[in-house]
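Here's the structure we're looking at; comments come further down.
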Amino acid sequence: MERPLKQYVVDAFTDRVFSGNPAAVCIMDQWPEDEKMRCIAGENNLSETAFAVREQEKGTYRLRWFTPGGEIDLCGHATLASAYVIMNFYEPDRTEVIFSTLSGDLSVVRKGDLYEMDFPAYELTPAPLAKAIAEAIGAEPKEVYMGRDLLCVFDDEAVVRNMRPDQERVKELPGLLLQVTAPGKDSDCVSRTFAPKMGISEDPVCGSGHCHIVPYWASRFGKQDLVAYQASPRGGRLYCSISGNRVKLAGKAALYSVGEIYAGV
């Protein structure tokens, strides 16, 4: 029998299981074939499966993220989950991990029970309020912006919390993911993330989405530090700050499971 691949499932942006955003994490000595990683992500059927290989000479890790639909260029919650696994199970003396990724080098620093990530902010370009957007999401946004994702801004938190978009119509909208956001009552902002193009109806807590959301609200509120809440059914809280074109996203994590994959990897 071939050596199994150990896999951790971690709930990110939460301090308890069954909330936040679950990510599967595999720390490996060498890369499997891309198709094998895609198949593992599809079998897991989570919004993200992260694969990391240590770069021995530099002491950093190469990190890649796969959804059930394929590889993507940036994922916050799976980065946090990967750092949690490395700093708790592989290198417990480390307080910082640097990942080499498709989005450049990303650092994660452990500060008590928080894991703080340093990500690039997306540049937001105002977009027209197309009729197709309102028809797809069932509500007319106050403002619309384009980054990597489509960002729709509302004035009422309840609209975001109660939104039931037409997933097939969302697939026809521009942007990789759909981010919807509004000011929050118990946090600076609330949001939800829909990703049918990636085979995910709703991402429970989206770190990369907040690389759109935080720059918008920081500019709107005129402050650098924000507490954000992702109002998905699972829910998750992010402690955010912005400096120039970088966004820091901090959150907690909880271990759900440790298992083994027998898939010829």
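When reading the values below, keep in mind they use all heavy atoms of this one structure, side chains included, and skip hydrogens, waters and symmetry mates.
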Original post:
Got a sec: does the CD of Glu33 have more than 12 other heavy atoms crowding it under 6.0 Å?
Top reply: no
**OP:** Step by step, work out the side chain to side chain contact (heavy atoms under 4.5 Å, CB included) result for Val258 and Lys6.
**Re:** CA-CA 7 Å; Val258 182; Lys6 183 170 286 189; 4.0 Å; yes
Original post:
Is a side-chain donor or acceptor of Ser232 paired with a backbone partner of Pro204 at a separation under 3.5 angstrom?
Top reply: yes
Subject >> Any side-chain heavy-atom pair of Leu178 and Met163 under 4.5 Å >> reply: no
Original post:
Checking His212 side chain against Arg148 main chain: does a donor-acceptor pair fall under 3.5 Å?
Top reply: yes
Subject >> side chain to side chain contact (heavy atoms under 4.5 Å, CB included) between Asp15 and Asp113, worked out >> reply: CA-CA 9 Å; Asp15 59 357; Asp113 57 357; over 6 Å; no
**OP:** With the side chain counted from C-beta on, respond yes when Ile261 and Ile40 share a heavy-atom pair under 4.5 Å apart, and no when they do not.
**Re:** yes
**OP:** Return the minimal non-hydrogen interatomic distance between Cys152 and Ile137, and the atom names on each side.
**Re:** SG-CD1, 4.4 Å
**OP:** Taking the side chain as every heavy atom from C-beta outward, state whether Pro68 and Thr49 have any pair of such atoms under 4.5 Å apart.
**Re:** no
**OP:** Of all the heavy-atom pairs spanning Pro196 and Val170, show the shortest one and how long it is.
**Re:** CG-CG1, 3.5 Å
Original post:
How long is the gap from OH on Tyr122 to CG on Leu124, to the nearest 0.5 Å?
Top reply: 11.0 Å
Original post:
Any chance the side chains of Glu55 and Thr60 put a donor and an acceptor closer than 3.5 Å?
Top reply: yes
Original post:
If you round to the nearest 0.5 Å, how far is NZ of Lys252 from OH of Tyr239?
Top reply: 5.5 Å
Subject >> Single-linkage hydrophobic cluster, 4.5 Å side-chain cutoff, Val159 and Leu173 together >> reply: yes
Original post:
Is it the case that Tyr61 and Glu91 place a side-chain donor and acceptor less than 3.5 Å from each other?
Top reply: yes
**OP:** Could you tell me whether a side-chain N or O of Lys36 sits under 3.5 Å from a main-chain N or O of Ala263, the two making a donor and an acceptor?
**Re:** yes
**OP:** Name the orientation class of the two ring planes belonging to Tyr115 and Tyr84 (parallel below 30°, tilted from 30 to 60°, perpendicular beyond 60°).
**Re:** perpendicular
Subject >> Between OG1 on residue Thr181 and CG on residue Leu151, distance to nearest 0.5 Å >> reply: 6.5 Å
**OP:** Assess the side chains of Asn44 and Gln7: does a donor N or O sit below 3.5 Å from an acceptor N or O?
**Re:** yes
Original post:
Given the rule that I, L, V, M, F, W and Y join up when any side-chain heavy atoms are under 4.5 Å apart, are Ile86 and Ile98 in one cluster?
Top reply: no
Subject >> 4.5 Å side-chain heavy-atom contact, Val9 and Leu46 >> reply: yes
Original post:
Has Glu135 got more than 12 heavy atoms of other residues, nucleotides or ligands less than 6.0 Å from its CD?
Top reply: yes
Original post:
Just how far is it from atom CG of Asp73 to atom CG of Leu176, taken to the nearest 0.5 Å?
Top reply: 7.0 Å
Original post:
What is the distance from atom CE of Met87 to atom CZ of Arg110, rounded to the nearest 0.5 Å?
Top reply: 5.5 Å
Subject >> Heavy-atom side-chain contact between Arg220 and Glu143 under 4.5 Å >> reply: yes
Subject >> Residue list, ring-ring contact (aromatic ring centres under 6.0 Å, His included) with Phe194, at least two apart or on another chain >> reply: none
Original post:
Within the side chain of Lys248, is there an N or O that forms a donor-acceptor pair under 3.5 Å with the backbone of Asp225?
Top reply: no
Original post:
Roughly how far apart are Leu106 CG and Met117 CE, rounded to 0.5 Å?
Top reply: 9.0 Å
**OP:** May I ask you to decide if Val160's main-chain N or O and Arg192's side chain share a donor-acceptor pair within less than 3.5 Å?
**Re:** yes
Original post:
Can you tell which of Arg234, Arg16, His77 makes a side chain to side chain donor-acceptor pair (under 3.5 Å) with Asp11?
Top reply: Arg234
**OP:** Looking only at non-hydrogen atoms, find the nearest pair between Ser82 and Leu63 and report the distance.
**Re:** OG-CD1, 3.6 Å
Original post:
Within a strict 4.5 Å, meaning less than it, do heavy atoms of the Pro141 and Val153 side chains meet?
Top reply: no
Original post:
Do Phe89 and Val10 belong together in a cluster built from hydrophobic side chains that touch within less than 4.5 Å?
Top reply: yes
Original post:
Looking only at heavy atoms, what is the nearest atom pair of Val190 and Pro183, with distance?
Top reply: CG2-O, 4.2 Å
Original post:
Within the distance-only criterion (no hydrogens, no angle test), does the side chain of Asp166 pair as donor or acceptor with the backbone N or O of Glu168 below 3.5 angstrom?
Top reply: yes
Original post:
Should Ile242 and Leu74 be regarded as members of a common hydrophobic cluster, given that ILVMFWY residues are connected when their side-chain heavy atoms come within less than 4.5 Å of each other, either directly or indirectly?
Top reply: yes
Original post:
Given the rule in the side chain to side chain donor-acceptor pair (under 3.5 Å) test, do Tyr216 and Gln179 qualify, once you have shown the distances and angles that lead to the verdict?
Top reply: CA-CA 12 Å; Tyr216 173 83; Gln179 310 290 343; over 6 Å; no
**OP:** State plainly whether the residues Glu172 and Arg169 are in salt-bridge range, i.e. N to O under 4.0 Å.
**Re:** no
Subject >> Flag, side chain of Ser100 to backbone of Asp105, donor-acceptor distance under 3.5 Å >> reply: no
Original post:
Can you check whether Cys75's main-chain N or O pairs, donor with acceptor, with Glu48's side chain at less than 3.5 Å?
Top reply: no
**OP:** Search all heavy atoms of Lys197 against all heavy atoms of Pro174 and return the closest pair with its distance.
**Re:** NZ-C, 3.8 Å
Subject >> Pairwise side-chain contact, Val227 with Arg237, heavy-atom cut-off 4.5 Å (strictly under) >> reply: yes
**OP:** State plainly whether one hydrophobic cluster holds both Phe119 and Leu114, where clusters connect Ile, Leu, Val, Met, Phe, Trp and Tyr through side-chain heavy atoms under 4.5 angstrom apart.
**Re:** no
**OP:** Specify the closest pair of heavy atoms between Thr101 and Arg62, including all atoms of both residues, with the distance to one decimal.
**Re:** CA-NH1, 3.2 Å
**OP:** Side-chain contact test, heavy atoms from C-beta onward, threshold under 4.5 Å: evaluate it for Tyr229 versus Asp186 and give yes or no.
**Re:** no
**OP:** Look at the side chain of Glu71 and the backbone N and O of Arg64, then say whether any donor-acceptor pair between them is shorter than 3.5 Å.
**Re:** no
Subject >> Leu226 and its side chain to side chain contact (heavy atoms under 4.5 Å, CB included) partner, picked from Val214, Ile213, Val247, Leu238 >> reply: Val214
Original post:
Looking only at atom types and distance, does a side-chain atom of Arg246 sit under 3.5 Å from a main-chain N or O of Asp118, one as donor and one as acceptor?
Top reply: yes
Original post:
How about Glu43: does its CD atom have over 12 heavy atoms from other parts shown lying under 6.0 Å from it?
Top reply: no
